[in-house]
Structures are given as structure tokens and as C-alpha cells.
Amino acid sequence: MNWTYIEDLGKHVGKEVELRGWVHHRRSSGKLHFLVLRDGTGISQAVIFKGDVSPEVFELADKLSLESSVIVKGTVREDQRSPGGFEIGVKDLILVHQAEPYPIQPKEHGVDFLLTHRHLWLRSPKQTALMRIRDEAIKACRDFLDRRGFIMLDAPIFTPAACEGTSTLFQTDYFGMPAYLTQSGQLYMEAGAFALGRVYCFGPCFRAEKSKTRRHLTEFWMLEPEAAWYHLSDMMDLAEDLVCYLVERVLEKKKRELIILERDISKLEQVRKPFPRITYDEALKILEGKGIKIEWGNDLGGDEETVMSLNYDRPVMIHHYPSQIKAFYMARDEQRPELALGVDMLAPEGHGEIVGGGEREWRYEELTRRIKENNLPQEAFEWYLDLRRFGAAPHSGFGLGLERTLAWICGIHHIRETIPFPRMLERIYP
RNA sequence: UCCUCGGUAGCUCAGUUGGCAGAGCGGGUGGCUGUUAACCACUUUGUCGGGGGUUCGAGUCCCUCCCGAGGAGCCA
């Protein structure tokens with residue numbers, strides 16, 4: 001490789017380098033052109049004096065359209081007036097492709113326009129910063145669980161039936177049979193936990209709910225660890241450690257990107273153990289103290305979640321929900337069977353739920369009773385019931401919504417910007 | 001599915017009481033040796049979301065349909 005990336009310019013001060021990239025911005029001053037280049041690793045300025053280059057090159061620099069792809073050769077020098085602190089004094093410029101007039105300008109655009117041009121919008125500084133943080137967060141999730149002895153076990157995307165009967169699933173045609181896109185890998189992870197002890201999956205999940213809110217996508221990524229012998233408190237410890245590690249790792253490795261996103265970093269630095277752990281009953285009392293009355297047995301809505309999360313400077317875990325509002329597979333408290341051994345983690349600053357999970361029902365009779373109560377087709381769950389027939393054991397797990405977690409860490413209002421190509425209600429282009 | 005807001009130039013928007021379709025940005029042309037969303041001058045750009053109606057005359061008023069956004073419900 002005989003060219004240099006912008007992020008490495010500092011290593012080549014005084015030397016001649018070749019940059020390959022795109023025209024991010026251009027200014028001209030008669031006998032002097034400024035090209036702001038981006039190459040995926042950063043942004044830098046190329047300066048073209050009329051006297052330094054051939055007349056053809058100088059003429060060409062004046063004609064470059066935004067986002068044209070170019071190869072630039074010149075000498076690196078330190079200069080605080082250039083974005084990134086280094087600039088390149090151009091000696092030669094090669095136009096690889098002259099871009100057509102570029103639709104995205106350095107100004108405010110509407111959401112509809114930007115989403116329709118998502119394939120181009122991704123080139124913008126904030127969007128590339130988000131994608132770099134997303135990449136770091138994914139690696140951090142895997143590193144964390146790897147160090148804790150978890151094995152990654154991929155769950156299938158095609159599934160024969162619902163994991164949770166209540167949700168709407170995307171149906172597909174599977175050689176003439178109906179099949180569905182997975183909404184969670186959890187049930188398969190339960191099988192994996194009895195095979196390998198501690199496992200996780202990390203893949204896309206699909207929900208056909210007609211939800212039109214800033215917290216919903218129809219296709220999103222979920223990290224789902226599952227561990228045999230873990231009880232609710234063990235899982236809460238794991239979730240807490242995971243989220244702390246994610247935040248630490250992004251702060252350590254992606255501070256530059258957080259600054260591009262104008263994230264208040266001090267808010268992230270407050271994220272440390274222990275996270276407050278509050279029961280559902282206590283949460284109702286706290287909400288009542290704030291003038292919000294919820295009848296026992298009702299779920300916390302988006303507004304209540306926002307109020308709760310604004311109450312703390314770090315994520316809060318709410319556990320022991322009424323079992324009637326939780327999924328059929330969730331274990332119940334032995335002392336108070338009306339309560340489920342489940343936990344939700346709410347991110348601070350009003351970002352809402354990022355983790356949901358808990359202890360699973362592992363007794364055969366109890367689980368079959370729940371399947372009947374929920375009118376689920378038992379034949380589709382026979383394999384799942386087998387896990388309760390052959391060496392059943394207590395086990396727990398949770399799901400962490402990647403995009404919701406990123407929206408919180410990056411301080412982005414709507415989760416659609418945290419995934420490269422968001423899939424939403426009424427939007428599947430590009 | 002419901003509620004609210006919106007759809008005017010490539011983009012962001014203004015458009016008064018119903019009376020010639022506008023601005024900034026972008027594009028084009030020219031000028032400028034240190035610019036930072038550079039600046040200055042000139043110039044270019046329209047199925048006013050679609051259809052129907054009222055009217056001498058509709059971007060503007062009425063009906064209807066389509067599309068988008070925010071939220072609710074539902075959900076992670």
C-alpha cells in the first residue's frame with residue numbers, strides 16, 4: 001500500500017504523501033484553493049498554491065464538485081488552521097471521478113430527505129462517528145462476554161413460530177411453509193446454555209409491530225447472553241458490568257467521535273457501579289411521589305420510563321414486575337408468585353429501556369401450564385420443553401438492544417441514526 | 001388503527017385579505033494568495049403532493065385521496 005490515511009498524517013510531517021479520498025468541502029481564493037478531504041479515517045485540508053502546481057491541476061482544483069473522488073500528492077505540515085491539525089501542500093492532484101451535484105449540503109436538512117439519501121448521509125461526520133462507535137461497542141460486547149467465559153452461539157434467523165406469542169412477526173415463505181423472521185434468539189440460547197454453560201448470540205431481530213417512536217426499529221440488533229445456574233441477581237450483576245464496560249470502552253477509544261457528536265462526556269463518566277436496583281413496587285411509589293399514579297399490575301409506559309430514568313445519573317434496574325405483564329417463560333418469585341423474576345434496565349437522560357431479561361421458568365409442569373394459558377401452540381415448543389425434560393436447571397439471561405444503548409451513549413434522540421440502514425414502519429429504502 | 005403537524009425550486013423555507021411564484025443555500029459565470037458552512041458581483045431553477053370543486057381569478061377557500069414526521073396504543 002503506497003498511500004497514506006488522514007488519521008496517520010501526523011507521522012509524516014515534512015514528508016511527501018499520497019492521499020486518496022473525497023472532496024468534503026472546497027474554498028477558493030483566486031490563486032489559492034483549499035480542498036477539505038475526507039478518506040473515512042478523518043478530515044484534512046489540502047492547500048493548492050497556483051505557483052506550486054501545473055496550470056491544468058490548478059484549473060482542475062477550481063472545478064472539483066463536492067464528493068468527487070481524488071488522489072492528492074503533496075507535503076505534510078502541521079497547521080492549526082486545518083481540521084485535524086495537519087494539512088497537505090499539494091504538488092499534484094488526480095481526479096478519479098467528478099461527482100454530480102451533491103444533494104446533501106453542510107446545512108440543516110429534513111429527516112425524510114436524509115433518510116431517503118441514507119446511503120450518502122452515511123458519509124457525514126456525525127454519521128461516520130456514530131458508525132465508528134457502533135463498531136467499537138460491538139467489539140466491546142464480544143470482548144466482555146469472551147472474558148467472562150461465554151461462547152458465541154448463532155441463533156437462527158428463520159424460525160418456525162413465535163418466541164413470544166404476543167408480538168407480530170414478519171412472515172416469509174419457506175418452500176411453501178410459513179416461517180418467521182426471529183424476534184429473539186433467547187429460546188435457542190436456553191438450549192445452548194445447557195450445552196455450553198454460558199452462551200450468547202448477537203444478531204438482528206425483527207418485529208412487525210406498528211410502532212412509530214424514536215425507540216423502535218423493525219430490524220434491530222440484540223445481544224443476548226444466557227447462562228445456566230445464574231439467578232436473577234447474577235444476571236443483574238452481569239448486565240451492570242457489561243454496560244459499565246461498554247461506556248468505559250467507548251470513552252477510552254472513541255472520545256474524538258463523542259466530541260464530534262457533541263456528547264456531554266461528563267454524563268458518561270458518571271456511569272459506574274452500583275446501578276440503583278428498584279423493585280416494581282418501589283418504582284410505583286417513586287412515580288406516585290411525582291404525581292404519576294399507576295395501578296398495580298400495569299406496565300410502565302414510555303413516559304413513566306422517561307421519568308424514572310431522569311431520576312438517576314446512571315442506568316437504573318427495575319425488577320420483580322407483576323408476572324401478568326411479562327412473557328410466559330419468565331420464572332416467578334417463590335415467595336410472591338404474582339411477581340416475575342425479571343429485570344429491565346433503563347438508561348439515564350430519558351433514553352428508556354436498553355436491557356430486558358431475567359430468570360427463566362425451568363420446571364416442566366409450570367411451563368406447559370403457561371403455554372396453555374397464553375394459547376400458544378405447544379407442538380411448536382416441544383423442543384423447548386425438552387430442555388425441561390432432560391436435565392433441567394435454573395438459568396437466566398437478558399437482551400441488550402444495541403441501537404437503544406448506542407442512542408444513549410452517543411446522546412442521539414432517535415435510534416434510527418445508530419444503525420447503518422434503518423428499517424422502520426413505512427420505510428425500507430434505501 | 002387513532003391524535004397532532006407538515007408536503008411550494010436540487011435543499012431549507014417565506015408567501016399577508018383569493019390578484020404577476022419568492023429568498024437563502026446549491027448549480028453556472030467572473031473576481032480575490034490563508035480560507036474555516038469563506039467572501040463579492042452577475043446568473044440559473046417550479047406538475048405549489050395528486051384529483052375534483054367554488055370563483056372573473058386558487059399556492060391561498062371547500063371535498064377527497066396519497067405521502068412524510070412526531071406521539072399514542074402495542075412493544076424490546
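Just so you know, these numbers come straight off a predicted model, no measurement behind them.
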_Under a 3.5 Å cut-off for both contacts, is B:rA14 paired Watson-Crick or G-U wobble with anything, and if yes, with which nucleotide?_
none
_B:rA72 - base-pair partner by Watson-Crick or wobble geometry, distances under 3.5 Å_ =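 Pairing partner: B:rU1.
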*Listed by chain and number, what are the ring pair (Phe, Tyr, Trp, His ring centres under 6.0 Å) partners of A:F49, not counting sequence neighbours?*
none
*asked:* The criterion is ring pair (Phe, Tyr, Trp, His ring centres under 6.0 Å); which residues satisfy it with A:F202, sequence neighbours excluded?
replied: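 In terms of ring pair (Phe, Tyr, Trp, His ring centres under 6.0 Å), with neighbours along the sequence ignored, A:F202 is linked to no residue.
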*Please list, chain by chain and in numerical order, all residues satisfying side-chain contact (heavy atoms from CB on, under 4.5 Å) with A:W383, sequence neighbours excluded.*
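If we apply the side-chain contact (heavy atoms from CB on, under 4.5 Å) test to A:W383, skipping adjacent residues, the hits are A:L187, A:Y188, A:A191, A:L387.
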_Which residues share a side-chain contact (heavy atoms from CB on, under 4.5 Å) with A:S82, sequence neighbours left out_ =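 side-chain contact (heavy atoms from CB on, under 4.5 Å) check on A:S82 returns A:S44, A:Q45, A:E87.
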*Tell me the ring pair (Phe, Tyr, Trp, His ring centres under 6.0 Å) pairs involving residues 111-140 of chain A, sequence neighbours left out?*
A:H109-A:F113, A:F113-A:H117
*Please list all pairs passing the ring pair (Phe, Tyr, Trp, His ring centres under 6.0 Å) test where one or both residues lie in residues 55-100 of chain A, with sequence neighbours left out.*
A:H33-A:F58
What is the distance, rounded to the nearest whole Å, between atom [atom1] of [X] and atom [atom2] of [N]?
{"X": "A:D112", "N": "B:rC66", "atom1": "CG", "atom2": "C1'", "result": "14 Å"}
{"X": "A:D79", "N": "B:rG34", "atom1": "CG", "atom2": "C1'", "result": "8 Å"}
{"X": "A:L64", "N": "B:rU35", "atom1": "CG", "atom2": "P", "result": "21 Å"}
{"X": "A:F220", "N": "B:rC75", "atom1": "CZ", "atom2": "P", "result": "14 Å"}
{"X": "A:Q105", "N": "B:rG27", "atom1": "CD", "atom2": "P", "result": "8 Å"}
{"X": "A:M330", "N": "B:rC75", "atom1": "CE", "atom2": "C1'", "result": "14 Å"}
{"X": "A:F206", "N": "B:rC74", "atom1": "CZ", "atom2": "C1'", "result": "20 Å"}
{"X": "A:R26", "N": "B:rC39", "atom1": "CZ", "atom2": "P", "result": "13 Å"}

Could you tell me how far [M] sits from [N] if I compare only their [atom1] atoms? Round to whole Å.
{"N": "B:rU29", "M": "B:rU45", "atom1": "P", "answer": "16 Å"}
{"N": "B:rG7", "M": "B:rC65", "atom1": "C1'", "answer": "14 Å"}
{"N": "B:rC42", "M": "B:rU55", "atom1": "C1'", "answer": "41 Å"}
{"N": "B:rG73", "M": "B:rC3", "atom1": "C1'", "answer": "11 Å"}
{"N": "B:rU54", "M": "B:rG59", "atom1": "P", "answer": "16 Å"}
{"N": "B:rC63", "M": "B:rG18", "atom1": "P", "answer": "16 Å"}
{"N": "B:rA37", "M": "B:rA21", "atom1": "P", "answer": "38 Å"}
{"N": "B:rG68", "M": "B:rA23", "atom1": "P", "answer": "32 Å"}

Which part of the nucleic acid, if any, lies within reach of [X] when heavy atoms closer than 4.0 Å are counted: base, sugar-phosphate only, or nothing?
{"X": "A:R404", "answer": "base"}
{"X": "A:S65", "answer": "nothing"}
{"X": "A:L217", "answer": "base"}
{"X": "A:Y102", "answer": "nothing"}
{"X": "A:E224", "answer": "nothing"}

*Donor-acceptor pair, side chain of A:S68 and main chain of A:A99, under 3.5 angstrom*: yes
_Applying the side chain to side chain donor-acceptor pair (under 3.5 Å) criterion to A:Y329, which one of A:E190, A:R360, A:Q186 satisfies it?_
A:Q186
Return the polar atom pairs (N/O with N/O) between nucleotides 40-44 of chain B and the protein under 3.5 Å, or none.
none

If you restrict it to nitrogen or oxygen atoms, what contacts under 3.5 Å exist between nucleotides 70-73 of chain B and the protein, and what is each distance?
| unit_1 | atom_1 | unit_2 | atom_2 | d |
| --- | --- | --- | --- | --- |
| B:rG70 | OP1 | A:R416 | NH1 | 2.5 |
| B:rG70 | OP1 | A:R416 | NH2 | 3.0 |
| B:rG71 | OP2 | A:R214 | N | 3.3 |
| B:rG71 | N7 | A:K212 | O | 3.4 |
| B:rG73 | O6 | A:K210 | O | 3.3 |
| B:rG73 | O6 | A:K212 | N | 3.4 |
| B:rG73 | N1 | A:K210 | O | 2.8 |

*asked:* Taking side chain to side chain donor-acceptor pair (under 3.5 Å) as the definition, give me every residue that meets it alongside A:T213, ordered by chain and number, with sequence neighbours left out.
replied: A:H216
*asked:* Does A:I415 form a side chain to side chain contact (heavy atoms under 4.5 Å, CB included) with A:L217? I'd like the steps, not just the answer.
replied: CA-CA 8 Å; A:I415 68 170; A:L217 298 169; 3.5 Å; yes
_On RNA chain B, does the nearest nucleotide to A:D62 precede the nearest nucleotide to A:E353 from the 5' side, or the other way round? Give the residue._
A:D62
*Going by heavy atoms closer than 4.0 Å, what residues in residues 37-55 of chain A are next to RNA chain B?*
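Contacts with RNA chain B under 4.0 Å: A:Q45, A:F49.
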_salt bridge (Lys or Arg N to Asp or Glu O under 4.0 Å) against A:K267, all qualifying residues, sequence neighbours excluded_ =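 A:K267 satisfies salt bridge (Lys or Arg N to Asp or Glu O under 4.0 Å) with A:D264 only.
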Would you give me the side-chain donor-acceptor pairs under 3.5 Å for residues 231-240 of chain A, sequence neighbours excluded?
| unit_1 | atom_1 | unit_2 | atom_2 | d |
| --- | --- | --- | --- | --- |
| A:H231 | ND1 | A:E359 | OE2 | 2.8 |
| A:D234 | OD2 | A:H231 | N | 2.7 |
| A:D237 | OD1 | A:R277 | NH1 | 3.3 |
| A:D237 | OD1 | A:R277 | NH2 | 2.7 |
| A:E240 | OE1 | A:R277 | NH2 | 3.3 |
| A:E240 | OE2 | A:F275 | N | 2.7 |

*Using 4.0 Å as the upper bound for N to carboxylate O, is an ion pair formed by A:R332 and A:E361?*
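Looking at A:R332 together with A:E361, the answer is no, because their closest N to O distance does not fall below 4.0 Å.
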*Indicate yes or no: at least one non-hydrogen side-chain atom of A:R118 is less than 4.5 angstrom from one of A:P422.*
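A side-chain contact under 4.5 Å exists here.
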_pi-stack flag for A:F34 and B:rG34, centroid dist under 5.5 Å, interplanar under 30°_ = no
